[in-house]
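What follows is one structure encoded as structure tokens, with my remarks underneath.
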Amino acid sequence: MAILNHNVEVLADKSALIERSRDIILDRIQTAIDSRGQFTIALSGGSTPKPLYEALSAQSLPWSKIHIFWGDERYVPATHQDSNQLMARQAWINKIEIPASNIHPMNTTGGDPQQDAEQHEVELRQFFQTTAEIPSFDLILLGMGDDGHTASLFPHTEALTVGDRLITVGNKDGQPRLTFTVPLINQARCVLFVVAGTNKRPALKQVFATQGDDAQYPSRLIQPQGELIWLLDQAAGGEL
Ligand code: 6PG
């Protein structure tokens, strides 16, 4: 599938990328709260978004109207150094006055990733009060690995083909992860990719190519019904 309705911005450097990402998120927060009284965001993990989370922690926002989820999580305790939840709490959440009930992490300590995935799906459906439809997040923040994966949707894994669930078990080199599925991500009002670094160039070329292998470059599968925005720094997007 060629990525069609995407909007790609290449920013001069990492700090400009983070500032632009912050500003887009702040704008979507305002829009969502003005029109629906709340804002729902799913965070990405990895290293790129850490300064973005720090920038957001410096904002004075109606935090009680903002609900924070994660688009994927490593199957480790929330105290583990690899935990996406831990990173976001340290960089952002621990620094703001936000009700604990507004934070919706994936549970990764049940011992059975599939069961924990199903449990989080129940929690999502309860929050969005939907039993059948796929809920729409206001904004899903995504990164992209140098292999073209996003969230925990890794190349040639089963997770890529899951079409009837919201949450599934991803697999990175045999390590389980919990992840939003492609249908859930594609139901978002806005999907915002934030990608930095020259090591991402080869995968970006494949992701944006008209013809390409979606199973090899899973970020190609992200074609939301809402907005799709790709923010790249010059290092990542310079040759596109
Ligand atoms: C994760 C992320 C993952 C990440 C990419 C990019 O759990 O690791 O959700 O999809 O966004 O791997 O990671 P970097 O930002 O560290 O390059």
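Whatever order the structure lists them in is the order used to number ligands and atoms, beginning at 1.
- For the salt bridge (charged side-chain N to carboxylate O under 4.0 Å, His left out) condition, the pairs that include at least one residue of residues 189-211, sequence neighbours left out, are Asp138-Arg189, Arg201-Glu239, Lys205-Glu239.
- Residue pairs meeting the salt bridge (charged side-chain N to carboxylate O under 4.0 Å, His left out) criterion with at least one member in residues 37-63, sequence neighbours excluded: Lys50-Glu54.
- When ring centroids are compared, Phe127 and Phe69 come within the 6.0 Å threshold.
- Between Phe137 and Phe128, the ring planes are perpendicular. Angles over 60° get that label, and only those under 30° would be called parallel.
- Considering Leu142, Ile185, Asp72 in turn, Ile185 is the only one that fulfils the side-chain contact (heavy atoms from CB on, under 4.5 Å) rule with Leu153.
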I'd like a table of donor-acceptor pairs (distance under 3.5 Å, sequence neighbours excluded) in which one partner is a side-chain atom from residues 158-176, with atom names and distances.
residue	atom	partner	partner atom	Å
Thr161	OG1	Glu158	O	2.8
Asn171	OD1	Asp173	N	3.4
Asn171	OD1	Gly174	N	2.7

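- A distance limit of 4.0 angstrom between heavy atoms and ligand 1 selects the residues Gly45, Gly46, Ser47, Thr48, Asp72, Arg74, Asn84, Gly143, Met144, Gly145, His149, Thr150, Ala151, Arg177, Lys200.
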